[in-house]
Amino acid sequence: AKKHDAMSEEEYFGLLDVALRLMIENTKYYVFFNIQMLSSTRITILELLYKYRTYYKDRIIWDKTQVEPAIEPGVMNSRFEDIHIFTKFNPHKRKFDRCNFGRGEFSNVIQGNNASRNDWAKLHKATFPDYLPALLINNFTLEGDTILDPFMGTGTTLIAARKLRRKAVGIELRQEYCDIAIKRLAQMEMF
């Protein structure tokens, strides 16, 4: 989820609060909530994490091995993002009851390039690299499951889900991003 510059802190919290609550209430398994803590989002994220602490299962660090330099002196580069995992089923247990990996086969740190060099990064500044949603979908869902991306952007999660034989639903407010996602899915069908 990306904060729109025109939103107040309260509006942004309200948007994420409703989205996270509905996902937790309606999922059968896990909610993976990827968000980067920046100075403009820090309070909102901390408030959300506190509000949903009883559903908090675990956290994955996405270590982006290459990053753009900070935009001004005295600001650290943002090399990682958090992927917070929520569930209403046994959140206090460290073990994932439904996963496709064995002992020691999945790390809570995922390393790889960010998406700044993919075809869609020029149009949408918060795109995922293809490997990130694919890795999570492959390890935490089964063929035939339905994946929801409530902040779909250009559709990378939907593409990964389709490649891995999962159903997918995306929600996006901006029509131009929906058009890109539709085009990408249509191109995928050709091959």
Do the charged groups of [X] and [Y] touch, with an N to O distance under 4.0 Å?
X	Y	result
Arg174	Glu176	yes
Lys167	Asp145	no
Glu25	Lys88	no

State whether a side-chain donor-acceptor pair under 3.5 Å links [X] with [Y].
X	Y	result
Thr141	Arg98	no
Tyr29	Asp97	no
Gln36	Thr41	no

Verify whether the ring centers belonging to Phe101 and Phe140 lie closer than 6.0 Å.
yes
Does the ring center of Tyr52 lie less than 6.0 Å from the ring center of Phe33?
no
Would Leu185 and Ile137 show up in the same hydrophobic cluster when neighbours are defined by side-chain heavy atoms closer than 4.5 Å?
no
Could you tell me if Arg53 sits above the aromatic ring of Tyr50, with its cationic atom closer than 6.0 Å to the ring centre and no more than 45 degrees from the axis?
yes
Taking the six-membered ring of Phe86 as reference, does the cationic atom of Lys57 (NZ for Lys, CZ for Arg) lie under 6.0 Å from its centre and within 45° of its axis?
no
Pairs satisfying side chain to side chain donor-acceptor pair (under 3.5 Å), at least one member in residues 101-110, at least two apart:
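Matches after skipping sequence neighbours: none remain.
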Would a distance-only check, ignoring hydrogens and angles, find a side-chain to backbone donor-acceptor pair under 3.5 Å from Asn34 to Asp82?
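Between the backbone of Asp82 and the side chain of Asn34 there is a qualifying donor-acceptor contact (under 3.5 Å).
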Would the number of heavy atoms belonging to other residues, nucleotides or ligands and lying under 6.0 Å from OH of Tyr55 be above 12?
no
